[in-house]
Amino acid sequence: MVTPLNCYWFLKPKALTEEEIQAQYQKPMYQRYKGLLTFALNNRILVLGVVAGLMFGAITLMGFVRKQFMPDSERDQYMVYLDVPAGYGTNAMDRTALRFLEWLHDEEANPEIASSLAYVGYGGPRFFQTFGPRAAAANITYILVTTKDFDSIFPSMDKTRDYLAQNFPEVFPRIKKFWLGANETGLVQVRISGPGHDKIYQLSQQVIESLRDIPGTVGIYNDWENRVVKVIVDVDQPRARRAGVTSEEVANSLNAFFSGSPITDFREEDKAIPVMFRAVGAERKTLDRLRTVEVYSSARNESVPLTQVADLGTEVMYNQIYRRNLLPTVTIDAKNLVLQAAELEERLMPALDEIMKDLPPGFFWEWGGESENAAKAQNALKIFIPHALAAMILLMVWQFNSYAKPAIIFITIPLVLIGAAPGMLLTGAFFGFMAILGFLSLAGIIINNAIVLLDSIQNEIDAGAKPYDAVLKACLTRFKPVVMTTLTTILGLVSLMIPPDPLFFAMGIVISFGLAAGTLLTLVLVPVLYSLFFKVKAEG
């Protein structure tokens, strides 16, 4: 109601005679479209063949479009994970982190670094929603690096990666950029599950070797980490009872030896600083010194050697064991500097098939990471798309009181691929979640254009025009409004494409290129299909 009222007030429309109306359609733009439309109506089979060929070419081109579920973030920050082998203490991790931070803040070596924040033995706080910090451990460090501008991120990441590889052989570094989705962009995960710890760990090492063979693969990480040597203190209860020692007293003595036990407090004004009793560092690292640990017996008020009440031994064990659905599961993470997640999975697949070909019963593997999250999102869309399509079909059948016209409309929807596929290849846009949303939005626009054309044709027929004349006149009448709607939509999306918006770029490309090609083809294919379905005879 508002739009017609504004047109009446501001545009001051004047009633036009039939001659003036027809004169408008004599302009070159209308005449060229009329010539194209007349040719198409007289050569319907040829037009359908050309459209089918274009459609086949577009489907083929989609196979070359690179896939990325969600893009990277535009934050001027990146993350550095420094891991030393499991079993090292926080002191070793402190020294390693300090050496790295000293280089990182060297203004001559890294003039692009603005600041950094390091957490030793801790995975950092959850400072944005989709970031899941790691559990605290003595052998990990999390560093948040802030650069002076966004353009400095990738050169700084490459420089940091090279420096760590050349100067920190004891470290397993992972350098990550921030992401916008629920999972890290480009992350490939292989999960191996089964009842046998040794078997799945062995398979994980083979997968890691296969990933290392693929050039450009970085950040390879096994969540079980390396095996560690653990000291087993087996308390012999009969001997302990004879010595008057309890298991709790053995534990307290060992805890004091390794971690320290408070014996008093040193007070400074309102502060109380605990004074710890602990063995010196050199003694805590030797098994022989452990044999001489004295266990205090409160019952006898004397100390006895640990070896008098317990047997000492060592065992190689897994540092940590993760389970998924109650099954022990090893997860291997990796990224590639060049390949996207889907491309890296494709390169890894032959090696995985060879590694997993003889899995025992109860063992299995699956993809995680970006591909798993993409599949979940697409499945969520697939649940509702059939219901939405069914509702649209029922609505259009009710509106047109026909099955043929809804069929014409749905045949035109895939035409958007003819423009979208070349557009994504030319611009380098990725096919992912936002591109899928773009295709869904685009389908609605194309449906609207087709409905307008079909409704206009029916209005001309109801007014007494011959079917062929009605098709021509309706298409000419709606040509300018349809084209203007398309152009304004595309121009409105330019701000998402120039400069490229990290989140909406792919969606803007899909809608713009798909709408441009889809609209032009709709203006030709809809009248052609209408003439075929309703047996409209071509003239002249």
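From a predicted model like this one, the values you see are computed outputs, not experimental measurements.
Checked by atom type and distance alone, the side chain of Q77 never pairs as donor or acceptor with a backbone atom of T146 at under 3.5 Å. Without hydrogens or angle criteria, S152 side chain to K148 main chain gives no donor-acceptor distance under 3.5 Å. T217 places no side-chain N or O within 3.5 Å of a backbone atom of D213 that could act as its donor or acceptor partner. Of the possible donor and acceptor atoms, none in the side chain of N255 sits under 3.5 Å from a partner among the backbone N and O of A251. Remark: the backbone N or O of W103 is paired with a side-chain donor or acceptor of N110 at under 3.5 angstrom. No donor-acceptor pair under 3.5 Å is formed between the side chain of N325 and the backbone N or O of L327.
A salt bridge does not link R99 to E102: none of the charged side-chain nitrogens sits closer than 4.0 Å to a carboxylate oxygen. A salt bridge is defined here as a Lys NZ or Arg NE, NH1 or NH2 lying under 4.0 Å from an Asp or Glu carboxylate O, and R134 with E225 meets this definition. With respect to the salt-bridge test (charged N to carboxylate O, under 4.0 angstrom), the residues E112 and K159 qualify.
Residue pairs meeting the side-chain hydrogen bond (donor to acceptor under 3.5 Å, both in side chains) criterion with at least one member in residues 494-518: none, sequence neighbours excluded. The side-chain hydrogen bond (donor to acceptor under 3.5 Å, both in side chains) analysis of residues 300-310, with sequence neighbours excluded, yields the pairs Y296-N301. Applying the salt bridge (Lys or Arg N to Asp or Glu O under 4.0 Å) test to every pair with at least one member in residues 188-198, sequence neighbours left out, gives these pairs: R191-E366, R191-E372, D198-R227. The list of ring pair (Phe, Tyr, Trp, His ring centres under 6.0 Å) pairs with a residue in residues 303-345, not counting sequence neighbours, reads Y201-Y318, W224-Y318. Among pairs with a residue in residues 241-257, none fulfils salt bridge (Lys or Arg N to Asp or Glu O under 4.0 Å), at least two apart in sequence or across chains. Sorted by first then second residue, the ring pair (Phe, Tyr, Trp, His ring centres under 6.0 Å) pairs that include residues 229-256, not counting sequence neighbours, number zero. Counting only residues at least two apart or in different chains, ring pair (Phe, Tyr, Trp, His ring centres under 6.0 Å) contacts with residues 233-265 are absent. Every pair tested for salt bridge (Lys or Arg N to Asp or Glu O under 4.0 Å) that includes a residue from residues 250-261 fails, sequence neighbours excluded, so the list is empty.
Residues passing the side-chain contact (heavy atoms from CB on, under 4.5 Å) test with M356, sequence neighbours excluded: I192, L203, V207, L352, L359, W365. In terms of the side-chain contact (heavy atoms from CB on, under 4.5 Å) criterion, residue partners of D158 (sequence neighbours excluded) are, by chain and number, R161. Considering only residues two or more places apart in sequence or on other chains, E315 meets the side-chain contact (heavy atoms from CB on, under 4.5 Å) condition with I232, M317.
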Only pairs under 3.5 Å count here: list side-chain donor-acceptor contacts from residues 338-348, not counting sequence neighbours, and write none if there are none.
{"residue": "Q340", "atom": "OE1", "partner": "Q68", "partner atom": "NE2", "Å": "3.1"}
{"residue": "E343", "atom": "OE1", "partner": "R66", "partner atom": "NH2", "Å": "3.0"}
{"residue": "E343", "atom": "OE1", "partner": "Q340", "partner atom": "N", "Å": "2.8"}
{"residue": "E343", "atom": "OE2", "partner": "R66", "partner atom": "NE", "Å": "3.0"}
{"residue": "E345", "atom": "OE2", "partner": "S371", "partner atom": "OG", "Å": "2.7"}

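Below 30°, between 30° and 60°, or above 60°: for F168 and F100 the angle between ring planes is above 60°, a perpendicular geometry.
Side-chain contact between I143 and L117: absent, with no pair of heavy atoms (C-beta onward) separated by less than 4.5 Å. You'll find the side chain of V171 stays beyond 4.5 Å of the side chain of D83, heavy atoms only. By the 4.5 Å heavy-atom criterion applied to side chains, S247 and Q237 are counted as neighbours. Here the side chains of D311 and R239 are in contact, with some heavy-atom distance below 4.5 Å. Contact annotation: the side chain of D236 never approaches that of V309 to less than 4.5 Å [non-hydrogen atoms, C-beta and beyond].
Few gaps surround CZ on F439; more than 12 heavy atoms of other groups in view lie less than 6.0 Å from it. Dense packing is recorded around CZ of F127, with more than 12 heavy atoms of other residues, nucleotides or ligands lying under 6.0 Å away. Heavy atoms of other residues, nucleotides or ligands lying less than 6.0 angstrom from CZ of R267 number 12 at most. Within 6.0 Å of atom CG in L326, 12 or fewer heavy atoms from other residues, nucleotides or ligands are found, so the atom counts as exposed in its surroundings.
With hydrogens and angles left out, the side-chain atoms of Q189 and T331 include no donor and acceptor closer than 3.5 Å. Using modelled atom types and a 3.5 Å distance limit, the side chains of D76 and T147 yield no donor-acceptor pair. For the 3.5 Å distance criterion, the side chains of Y78 and T160 qualify, holding a donor opposite an acceptor.
What you find for N139 and P85 is that their closest heavy atoms are CB-O, 3.8 Å. When every heavy atom of V65 is checked against every heavy atom of A429, the shortest pair comes out as CG1-O, 3.8 Å. Among all heavy-atom pairs drawn from Y122 and Y142, the shortest one is O-CB, 3.6 Å.
F131 does not carry R126 over the face of its six-membered ring by the limits of under 6.0 Å from the centre and within 45° of the normal.
Looking at Q378, M70, M507 one by one, the single match for side-chain contact (heavy atoms from CB on, under 4.5 Å) with F433 turns out to be M70.
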